[in-house]
*Asks:* 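Take a look at the following structure, please.
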Amino acid sequence: MRIKLSHEEAEVFKEAVKSQMAGTTPHLFKQNDHFYIEEPEDRIVDFEQCCQEYFLYIGLDKDYNPTNKGKIIERLIDKLFIK
């Protein structure tokens, strides 16, 4: 499965994986102006859960409003969600 990410989504995705899944290296590559994650569906589900956990740590400010990174993580979660 291949998922297209913007540059800022790719950066936050790398932060989330590093923070929540230490030692895991996703297949993330750049092609033209976009980044892509290419992984099997079961790994995509793991990465979605990773982003959900990361959102809990950095996604909201003290008033429970989404931070800039929180908004990016929300987009990532939407892209990684498998129906």
Side-chain angles (χ1 to χ4, degrees):
M1 175 171 228
R2 183 183 283 193
I3 298 171
K4 182 167 85 171
L5 305 177
S6 68
H7 176 75
E8 64 183 2
E9 290 167 342
E11 291 302 313
V12 173
F13 175 75
K14 288 188 277 186
E15 287 176 22
V17 171
K18 184 178 179 182
S19 171
Q20 302 300 311
M21 299 175 74
T24 301
T25 307
H27 185 228
L28 179 68
F29 63 96
K30 185 175 183 182
Q31 187 174 31
N32 300 322
D33 291 334
H34 290 91
F35 287 82
Y36 294 87
I37 302 167
E38 192 166 48
E39 294 282 350
E41 277 190 25
D42 60 331
R43 293 270 292 171
I44 296 295
V45 170
D46 292 341
F47 292 132
E48 179 200 4
Q49 292 171 348
C50 164
C51 288
Q52 289 173 356
E53 289 289 323
Y54 194 56
F55 180 82
L56 296 175
Y57 292 106
I58 62 119
L60 301 172
D61 65 16
K62 64 180 176 158
D63 296 320
Y64 299 101
N65 296 311
T67 62
N68 287 337
K69 280 190 181 180
K71 291 175 185 177
I72 296 167
I73 294 169
E74 286 178 329
R75 288 197 318 258
L76 275 169
I77 291 167
D78 289 344
K79 287 183 176 187
L80 296 171
F81 179 73
I82 298 174
K83 298 175 185 169

*Asks:* Do D46 and E39 come within less than 4.5 Å of each other through their side chains, counting heavy atoms only?
*Replies:* no
*Asks:* As an exercise, state the distance from CZ of F35 to CD1 of I3, rounded to the nearest 0.5 Å.
*Replies:* 15.5 Å
*Asks:* Around atom CG of D78, are there more than 12 heavy atoms of other residues, nucleotides or ligands at under 6.0 Å?
*Replies:* yes
*Asks:* Around atom CG of D61, are there more than 12 heavy atoms from other residues, nucleotides or ligands closer than 6.0 Å?
*Replies:* yes
*Asks:* Is the closest side-chain heavy-atom distance between L28 and L5 below 4.5 Å?
*Replies:* yes
*Asks:* Using every non-hydrogen atom in the two residues, find where C50 and A16 come nearest and quote the distance to one decimal.
*Replies:* SG-O, 3.3 Å
*Asks:* How long is the span from the CD1 atom in I44 to the CD1 atom in I82, to the nearest 0.5 Å?
*Replies:* 6.0 Å
*Asks:* Linking I/L/V/M/F/W/Y whenever their side-chain heavy atoms sit closer than 4.5 Å, directly or via other members, would L60 and I73 fall into one cluster?
*Replies:* yes
*Asks:* Just grab all the side-chain hydrogen bond (donor to acceptor under 3.5 Å, both in side chains) pairs involving residues 14-24, residues at least two apart or on different chains.
*Replies:* E11-K14, E15-Y54, E15-K69
*Asks:* Between K79 and S6, what is the shortest heavy-atom contact and its length?
*Replies:* NZ-N, 4.4 Å
*Asks:* Once rounded to the nearest 0.5 Å, what's the spacing between atom NZ of K4 and atom CD of Q31?
*Replies:* 10.5 Å
*Asks:* Linking I/L/V/M/F/W/Y whenever their side-chain heavy atoms sit closer than 4.5 Å, directly or via other members, would F47 and F81 fall into one cluster?
*Replies:* no
*Asks:* Rounded at 0.5 Å granularity, tell me how far OG1 in T67 sits from CD1 in I58.
*Replies:* 5.0 Å
*Asks:* Does L56 belong to the same Ile/Leu/Val/Met/Phe/Trp/Tyr cluster as V45, with side-chain heavy atoms less than 4.5 Å apart forming each link?
*Replies:* no
*Asks:* Rounded to the nearest 0.5 Å, how far does NZ of K71 lie from CG of N65?
*Replies:* 8.5 Å
*Asks:* Do Y36 and F13 belong together in a cluster built from hydrophobic side chains that touch within less than 4.5 Å?
*Replies:* no
*Asks:* Determine whether more than 12 heavy atoms belonging to other residues, nucleotides or ligands lie under 6.0 Å from atom CZ of F29.
*Replies:* yes
*Asks:* What distance do H7 atom NE2 and D33 atom CG have between them, rounded to the nearest 0.5 Å?
*Replies:* 11.0 Å
*Asks:* Taking only residues two or more places apart in sequence or in another chain, which ones pass side chain to side chain donor-acceptor pair (under 3.5 Å) with Q52?
*Replies:* E48
